[in-house]
Trainee: 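Have a look at the structure that comes next, please.
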Amino acid sequence: LPIHHCIGYVDRALRKFFETARQEPWYENTLFVITADHTNELGYKEYQNDKGVYEVPIIFFDPSNTANARYIEDYPMCQADIMSSVLGYLGYDQAYNSFGEDGLTQAKEHPFVVVYNEPVYQVFSDSLMLQMDEHGQLISVYPFREDRLLQQNRKDELADTEKVAMMLHYGKAYIQQYITRMLENRLREKDWEMDERVDKYLFAMRIYKTRSLAAEACKKGRVTMHGQELKPSRTFKIGDKFSVRKGPVTYTYEVLQLS
């Protein structure tokens with residue numbers, strides 16, 4: 001393929017770079033991270049689909065620790081995980097804000113990766129890949145490890161499973177967190193609130209169309225937690241469970257993330 005010439009050039013460039021870098025005093029104290037944005041010209045069918053086009057390597061190279069080199073294949077990662085992985089590797093133990101996870105320690109039992117593949121969002125976890133539209137509606141579910149060509153959409157079979165429901169919820173929460181914090185310029189760790197007013201949260205989650213309607217519902221006793229009516233100024237924290245009565249129907253919610 002024509003792209004092989006480009007790969008050969010990059011390979012030579014990297015070889016030359018490291019030949020020079022290893023002569024520098026900072027070389028042994030540097031963690032090199034090498035990755036790509038996405039694939040380009042594709043010669044294999046397993047890369048000619050919505051998952052394969054994003055399959056690129058992420059290489060963490062520590063010249064002082066080559067004896068412990070390892071290959072990670074079954075733990076999903078993406079570019080957003082690089083910062084958390086580097087901080088984890090360096091032993092950083094302070095609070096910070098990140099949309100990624102530490103893929104090197106693999107501390108999370110069921111890691112998630114979210115990718116925007118216009119016009120759909122893709123969520124990966126364990127052996128499943130799901131696609132949802134901009135409204136959070138499920139489009140497809142693929143067991144990508146056994147179906148690398150993505151030819152078996154098992155949405156009808158798996159849509160109601162707990163795993164898919166969790167992946168959908170995570171994908172929606174991830175997107176909401178990212179967009180909200182970008183719009184409100186709240187990307188720093190210190191900008192993350194530990195609690196949030198009830199009326200503000202109800203509006204942010206679109207349980208009510210406006211914040212004033214949310215406040216009115218609270219004043220009328222329609223929002224409760226542990227059987228007690230909540231005032232608009234009361235605050236929610238992660239883990240709280242509350243109920244909202246709309247007409248004859250009462251809905252129960254759990255706060256998994258703040259808006």
Trainee: Please determine whether the number of non-hydrogen atoms from other residues, nucleotides or ligands lying under 6.0 Å from atom CD of Glu134 exceeds 12.
Mentor: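 Atom CD in Glu134 is not crowded, with 12 or fewer foreign heavy atoms closer than 6.0 Å.
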Trainee: Could you check whether any side-chain N or O of Thr66 sits under 3.5 Å from a backbone N or O of Asp62, counting only pairs where one atom can act as donor and the other as acceptor?
Mentor: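 No: the side chain of Thr66 does not pair with the backbone of Asp62.
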Trainee: Picking from Asp37, Asn117, Asn49, what satisfies side-chain hydrogen bond (donor to acceptor under 3.5 Å, both in side chains) with Tyr54?
Mentor: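 Among the candidates, only Asn117 passes.
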Trainee: With a 4.5 Å cut-off on side-chain heavy atoms, are Ile72 and Arg70 touching?
Mentor: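 Answer yes - side chains close enough.
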Trainee: Quick check against the 3.5 Å criterion: does Asp240 have a side-chain atom that pairs as donor or acceptor with the backbone of Lys237?
Mentor: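 Answer holds: yes.
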Trainee: Any chance CD of Glu55 has more than 12 other-residue heavy atoms, nucleotides or ligands included, within less than 6.0 Å?
Mentor: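 More than 12 within 6.0 Å, yes.
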Trainee: If a pair satisfies ring-ring contact (aromatic ring centres under 6.0 Å, His included) and one of its residues is in residues 211-232, list it, with sequence neighbours excluded.
Mentor: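 Every pair satisfying ring-ring contact (aromatic ring centres under 6.0 Å, His included) with a residue in residues 211-232: there are none.
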Trainee: Any side-chain heavy atom of Phe32 within less than 4.5 Å of one from Phe17?
Mentor: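 They are in side-chain contact.
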Trainee: Mind checking whether Phe242 and Tyr253 have ring centres under 6.0 Å apart?
Mentor: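 Ring-ring flag for Phe242/Tyr253: true, centres closer than 6.0 Å.
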Trainee: Does any non-hydrogen side-chain atom of Tyr251 lie less than 4.5 Å from one of Lys246?
Mentor: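 Of all side-chain heavy-atom pairs linking Tyr251 with Lys246, at least one is under 4.5 Å.
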Trainee: With no hydrogens and no angle check, is any side-chain donor or acceptor of Arg206 less than 3.5 Å from a backbone partner on Phe203?
Mentor: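 Between the backbone of Phe203 and the side chain of Arg206 there is a qualifying donor-acceptor contact (under 3.5 Å).
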Trainee: Between Phe60 and Leu90, is there a shared hydrophobic cluster once you connect ILVMFWY residues whose side-chain heavy atoms come closer than 4.5 Å?
Mentor: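 Yes, same cluster.
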Trainee: Ring centres under 6.0 Å, that's the criterion: do Tyr174 and Tyr121 meet it?
Mentor: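 Between Tyr174 and Tyr121, the centre distance exceeds or equals 6.0 Å.
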Trainee: Decide yes or no for Val198 and Pro232: does some side-chain heavy atom of the first lie under 4.5 Å from some side-chain heavy atom of the second?
Mentor: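 Result no, sub-4.5 Å side-chain heavy-atom pair not found.
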Trainee: Less than 3.5 Å apart, which donor and acceptor atoms pair up between the side chains of residues 160-170 and the rest of the protein, not counting sequence neighbours?
Mentor:
from	atom 1	to	atom 2	distance (Å)
Thr161	OG1	Leu158	O	2.7
Thr161	OG1	Val164	N	3.4
Lys163	NZ	Ser125	OG	2.8
Lys163	NZ	Asp126	OD2	2.9

Trainee: Going by heavy atoms in the side chains, are Asp81 and Gln79 under 4.5 Å from each other?
Mentor: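 No. Closest side-chain heavy atoms not under 4.5 Å.
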Trainee: I'd like to know whether the aromatic ring centres of Tyr178 and Phe99 sit less than 6.0 Å apart in this structure.
Mentor: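 Ring-ring flag for Tyr178/Phe99: true, centres closer than 6.0 Å.
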Trainee: Short question: side chain of Thr35, backbone of Pro57 - any donor-acceptor pair under 3.5 Å?
Mentor: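 Looks like yes, one N/O pair under 3.5 Å.
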Trainee: Please say whether the positively charged group of Arg234, taken as NZ for Lys or CZ for Arg, lies over the ring of Phe236, i.e. under 6.0 angstrom from the six-membered ring centre and within 45 degrees of the axis.
Mentor: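 No, cation not above the ring by the 6.0 Å, 45° rule.
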Trainee: Please examine the side chains of Arg154 and Pro143, heavy atoms only from C-beta on, and report whether any two atoms are closer than 4.5 Å.
Mentor: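 When only atoms from C-beta onward are counted, Arg154 and Pro143 do touch, with a gap below 4.5 Å.
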Trainee: Please test Leu14 against Asp11 for side-chain contact (heavy atoms from CB on, under 4.5 Å), starting from the C-alpha separation and ending with a verdict.
Mentor: CA-CA 5 Å; Leu14 285 172; Asp11 184 67; 5.8 Å; no
Trainee: Identify all side-chain donor-acceptor contacts of residues 213-225 below 3.5 Å with residues at least two apart in sequence or on another chain.
Mentor:
from	atom 1	to	atom 2	distance (Å)
Glu216	OE2	Lys220	NZ	2.9

Trainee: Go through the steps to decide whether Val123 and Phe112 satisfy the test side-chain contact (heavy atoms from CB on, under 4.5 Å), and finish with yes or no.
Mentor: CA-CA 7 Å; Val123 183; Phe112 290 86; 4.0 Å; yes
Trainee: Between Ser84 and Gly100 (side chain of the first, backbone of the second, donor and acceptor by atom type, cut-off under 3.5 Å), is there such a pair?
Mentor: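 Confirmed, Ser84 side chain pairs with Gly100 backbone.
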